[in-house]
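Here is the structure we will look at, set down as structure tokens.
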Number of protein chains: 2
Amino acid sequence: MGNLANSIEDYLKRLLTLSGAGYIDIKRKELSNKFSCVPSQVNYVLETRFTLEKGYLVESKRGGRGYVRIKKLKLSPRSSLIHFLRELEGGLPGEEHAKGFLYRLYEDRFLSLRELRLMEAVLEGLDTLEENPLKNKIRRDLLRQMLVVLLKFDY
Amino acid sequence: MGNLANSIEDYLKRLLTLSGAGYIDIKRKELSNKFSCVPSQVNYVLETRFTLEKGYLVESKRGGRGYVRIKKLKLSPRSSLIHFLRELEGGLPGEEHAKGFLYRLYEDRFLSLRELRLMEAVLEGLDTLEENPLKNKIRRDLLRQMLVVLLKFDY
DNA sequence: CCTTTTTTGACTATCTTTGACCAATAATAT
DNA sequence: ATATTATTGGTCAAAGATAGTCAAAAAAGG
């Protein structure tokens, strides 16, 4: 069990626990130095251990003073969101299914009315597209990305 | 927490807020001195953070008593929205242009952070689409529909 | 063995900082 | 007035600082 990836994972999770803020900022390069490995090893850990399904959110910025931010999501009404996200990965949900889901989020006060309408507009907006084979895939992609935003900016 | 560019940006925005006049005049050289950087760094900040789409106007004059004037545009979000919608009919604005505009609506408190991110996600989400000839048209349609929602549900 | 997970590194993308050279305007000298 | 000089600001491309991607090689599991 003592591989590199696990050590890095543990280290990051320890940092997260210690930090009161609910998130930590690291420098990819520094971290890889600390563990004497290549930088992309850090990406591997992030991709395999800090996924959305596992309740983490990773953001980053390149360039001078860049960073990688790891956020621990507090799950609550959010579990349904994550569940829906997982469903999305599997197949394409019909527009009605998607809308129903959004409406439930709205009823649970997880979405404002305006946010609901915005998202519906996107789902519907694609209808004007005459039968394009990609349509459903596009709809799913957009929906997924929007849901991720909801996870990210939960207030 | 910030790089140079961000610090300068924050500093200028603070000045703008404090100033009752709706604009500020600075000396490029003085500013770069204050932040111990080269003058052109100031131009970088102006070009990336104080664009027209984001609701700022920058004028300047060279030579003795030269200056750089930064003005916060005060069109109401509603009217700029309508104006932007009209522009949309003509041709498609580049993604950067569109995002800048949304950012402005956010700074003017017409959009919440979450709404901003949702809409950005839609604009970016289409990037994952490999070159589809319809991509730009779709982007424009979705953007238009979302903007209409904003007009409708204006609180 | 064969499969899955981990580790590495070469190549790429993005954002920032710097510097050398250019352009415009005002102030001053003739 | 005109020419000259001092004072500003502008442009652009290169260098620097991070982070991301992808696929091959290596290691671990079964």
Side-chain angles (χ1 to χ4, degrees), chain A residues 1-13 23-54 56-71 145 148 152, chain B residues 1-13 15 23-52 54 56-71 94-96 99-100 103 120 123-125 127-131:
Chain A
M1 272 318 175
N3 57 21
L4 235 184
N6 284 334
S7 309
I8 296 176
E9 176 189 4
D10 292 346
Y11 173 72
L12 291 175
K13 288 189 172 164
Y23 69 87
I24 53 173
D25 284 347
I26 57 162
K27 298 241 177 226
R28 190 179 76 147
K29 188 74 186 309
E30 278 179 15
L31 188 57
S32 68
N33 265 126
K34 183 177 184 90
F35 285 91
S36 311
C37 62
V38 294
S40 55
Q41 175 74 37
V42 174
N43 295 83
Y44 176 70
V45 173
L46 294 175
E47 284 155 24
T48 54
R49 272 77 163 171
F50 292 86
T51 64
L52 268 182
E53 285 82 27
K54 294 182 175 160
Y56 296 91
L57 196 66
V58 177
E59 304 171 274
S60 65
K61 198 173 142 194
R62 310 183 187 189
R65 307 237 181 159
Y67 59 83
V68 174
R69 173 167 301 172
I70 306 172
K71 207 181 284 191
Q145 309 230 46
V148 169
K152 225 183 247 187
Chain B
M1 179 109 57
N3 51 26
L4 234 185
N6 283 335
S7 308
I8 295 177
E9 176 190 5
D10 292 346
Y11 173 72
L12 292 175
K13 287 188 173 166
L15 284 190
Y23 71 88
I24 53 174
D25 285 349
I26 57 163
K27 299 243 177 223
R28 189 178 77 147
K29 190 70 187 309
E30 278 179 15
L31 188 57
S32 68
N33 263 124
K34 182 179 184 90
F35 284 91
S36 312
C37 62
V38 294
S40 55
Q41 175 75 35
V42 173
N43 295 84
Y44 176 69
V45 173
L46 294 174
E47 283 155 24
T48 53
R49 273 81 160 163
F50 293 86
T51 64
L52 206 53
K54 290 181 176 165
Y56 296 91
L57 194 61
V58 177
E59 305 168 276
S60 64
K61 209 168 115 186
R62 310 183 186 189
R65 307 211 183 171
Y67 60 84
V68 174
R69 173 168 300 173
I70 306 173
K71 208 182 286 192
E95 179 170 337
E96 282 318 306
K99 282 210 257 187
Y103 185 74
E120 285 175 342
L123 293 180
E124 287 163 10
D127 280 342
T128 66
L129 225 52
E130 63 283 344
E131 255 338 301

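Order of the sequence lines sets the chain letters (A, B, ...), proteins ahead of strands, with each chain counted from 1.
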Quiz prompt | 4.5 Å side-chain heavy-atom contact, B/Y67 and B/R28 | solution = no

Write out a two-atom table: protein N or O, nucleotide N or O from nucleotides 24-28 of chain D, distance below 3.5 Å.
none

Quiz item: Going by heavy atoms closer than 4.0 Å, what residues in residues 28-40 of chain A are next to DNA chain C?
Solution: A/C37, A/V38, A/S40

Quiz prompt | Atom-to-atom span, CD of B/Q41 to P of D/dT11 - whole angstrom | solution = 16 Å

Self-check item: Per-nucleotide protein contact string for nucleotides 23-30 of chain C (B base, S sugar-phosphate only, - none; heavy atom under 4.0 Å)
Solution: BBBSS---

Quiz item: Who passes salt bridge (Lys or Arg N to Asp or Glu O under 4.0 Å) against B/R69, sequence neighbours left out?
Solution: B/D25

Quiz prompt | Shortest non-hydrogen contact from B/K54 toward B/T48 | solution = NZ-O, 3.0 Å

Quiz prompt | Nearest to side-chain heavy atoms of A/V68, which nucleotide of D/dG9, C/dT8, D/dG20 | solution = D/dG20

Quiz prompt | Interatomic distance where CD belongs to A/E59 and P belongs to D/dG20 [whole Å] | solution = 12 Å

Practice problem: Output every pair passing salt bridge (charged side-chain N to carboxylate O under 4.0 Å, His left out) with a member in residues 35-47 of chain A, not counting sequence neighbours, ordered by first then second residue. | Solution: none

Exercise. Starting from P on D/dA17, measure out to CD1 on A/I26 and report it in whole angstrom.
Key: 19 Å

Exercise. Check step by step if salt bridge (charged side-chain N to carboxylate O under 4.0 Å, His left out) holds for B/E59 and B/K71.
Key: CA-CA 8 Å; B/E59 305 168 276; B/K71 208 182 286 192; 3.7 Å; yes

Practice problem: For A/E30 and A/K34, run salt bridge (charged side-chain N to carboxylate O under 4.0 Å, His left out): C-alpha distance rounded to whole Å, both residues' side-chain angles, the deciding distance at 0.1 Å, then the answer. | Solution: CA-CA 6 Å; A/E30 278 179 15; A/K34 183 177 184 90; over 6 Å; no

Exercise. Return the value, rounded to whole Å, for the distance between atom OH of A/Y67 and atom P of C/dC15.
Key: 11 Å

Exercise. Output the residues of residues 42-49 of chain B in contact with DNA chain D, where contact means a heavy atom of the residue under 4.0 Å from an atom of the strand; sort by number or write none.
Key: B/N43

Practice problem: Could you tell me the separation between the NZ atom of A/K27 and the C1' atom of C/dT16, rounded to a whole number of Å? | Solution: 12 Å

Quiz item: Is atom NZ of A/K29 surrounded by more than 12 heavy atoms (other residues, nucleotides or ligands) closer than 6.0 Å?
Solution: no

Quiz item: Whole-Å distance between D/dT18 P and A/D25 CG?
Solution: 14 Å

Exercise. Kindly say whether B/S32 contributes a backbone atom to a donor-acceptor pair with the side chain of B/S36 at under 3.5 angstrom?
Key: no

Quiz item: What integer distance in Å separates B/I8:CD1 from C/dC15:C1'?
Solution: 14 Å

Practice problem: Whole angstrom is fine here: how far is it from CZ in B/R69 over to P in D/dG9? | Solution: 13 Å

